[in-house]
Amino acid sequence: QVQLVESGGGLVQPGGSLTLSCVVSGTIFSAHAMGWHRQAPGMQRELVASITNRGSTNYADAVKGRFTISRDNAKNTLYLLMNSLKPGDTAVYYCNAGQLDSNMAYIAGNYWGQGTQVTVSS
């Protein structure tokens with residue numbers, strides 16, 4: 001059974017930092033392209049950042065320059081370092097185990113974590 005378990009969310013002041021982690025089990029982690037998504041109340045889930053099997057990264061414009069996605073295949077773990085956090089970053093953050101499309105870009109798969117809440121507020 002594939003499981004993705006996120007951790008690291010919490011309450012942080014504007015301008016602060018958080019690092020999210022996602023531990024993956026039940027599948028070959030290194031075979032997956034991975035993504036972090038987020039969903040704010042009343043909004044659709046959106047892709048924040050993705051990383052291919054080989055470590056190529058891509059970011060949403062809203063987080064470019066502030067967030068860094070990385071992976072440790074030896075630990076079956078995906079990370080999201082979030083700096084200079086803004087109130088608009090408040091959301092539930094989900095990791096996803098996906099795959100690559102014909103253009104070698106990440107596309108979301110069927111495996112999701114339960115989410116971790118990030119709240120940015122003073």
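The residues of the chain are indexed from 1 along the displayed sequence.
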From SG (C22) to CD (E6), nearest 0.5 Å
5.0 Å

Pair S50, N58 - check side-chain hydrogen bond (donor to acceptor under 3.5 Å, both in side chains), show working.
CA-CA 5 Å; S50 63; N58 199 20; 4.8 Å; no

One pair to check against side chain to side chain contact (heavy atoms under 4.5 Å, CB included): T77 and R71. What are the steps and the verdict?
CA-CA 6 Å; T77 303; R71 65 192 297 163; over 6 Å; no

One should read off an interatomic distance between L80 CG and M34 CE, to the nearest 0.5 angstrom, of 11.5 Å

Begin with the C-alpha distance, continue with both residues' side-chain angles, and end with the deciding distance and a verdict on side chain to side chain contact (heavy atoms under 4.5 Å, CB included) for N83 and L85.
CA-CA 5 Å; N83 292 324; L85 282 161; over 6 Å; no

Report, one line per pair, each donor and acceptor closer than 3.5 Å where one atom sits in a side chain of residues 63-70; sequence neighbours left out.
| from | atom 1 | to | atom 2 | distance (Å) |
| --- | --- | --- | --- | --- |
| K64 | NZ | D61 | OD1 | 3.1 |
| R66 | NH1 | S84 | O | 2.9 |
| R66 | NH1 | D89 | OD2 | 2.8 |
| R66 | NH2 | A62 | O | 2.9 |
| R66 | NH2 | D89 | OD1 | 3.0 |
| R66 | NH2 | D89 | OD2 | 3.4 |

In the single-linkage hydrophobic clustering (I, L, V, M, F, W, Y; side-chain heavy atoms under 4.5 Å), do M82 and V12 co-cluster?
yes

Rounded to the nearest 0.5 angstrom, the CG-OG1 distance for L11 and T119 is 6.0 Å

Check whether more than 12 heavy atoms from other residues, nucleotides or ligands sit under 6.0 Å from atom CG of D101, and answer yes or no.
yes

Quick check for you: to the nearest 0.5 Å, what is the distance between N53 atom CG and L100 atom CG?
5.0 Å

When rounded to the nearest 0.5 angstrom, what is the spacing between CD in Q3 and OG in S25?
4.5 Å

W112 vs H37 aromatic rings, parallel, tilted or perpendicular, using cut-offs 30° and 60°?
perpendicular

Nearest 0.5 Å please: distance from the CG atom of L4 over to the OH atom of Y94.
13.0 Å

Do Y106 and N96 have side-chain atoms, one donor and one acceptor, less than 3.5 Å apart?
yes

Please step through side chain to side chain contact (heavy atoms under 4.5 Å, CB included) for the pair T57 and T52, ending with a clear verdict.
CA-CA 7 Å; T57 59; T52 68; over 6 Å; no

Considering residues, nucleotides and ligands other than Y59, do more than 12 of their heavy atoms fall under 6.0 Å from its OH?
yes

With distance as the sole test, does H32 use its side chain to make a donor-acceptor pair with the main-chain N or O of Q99 at under 3.5 Å?
no

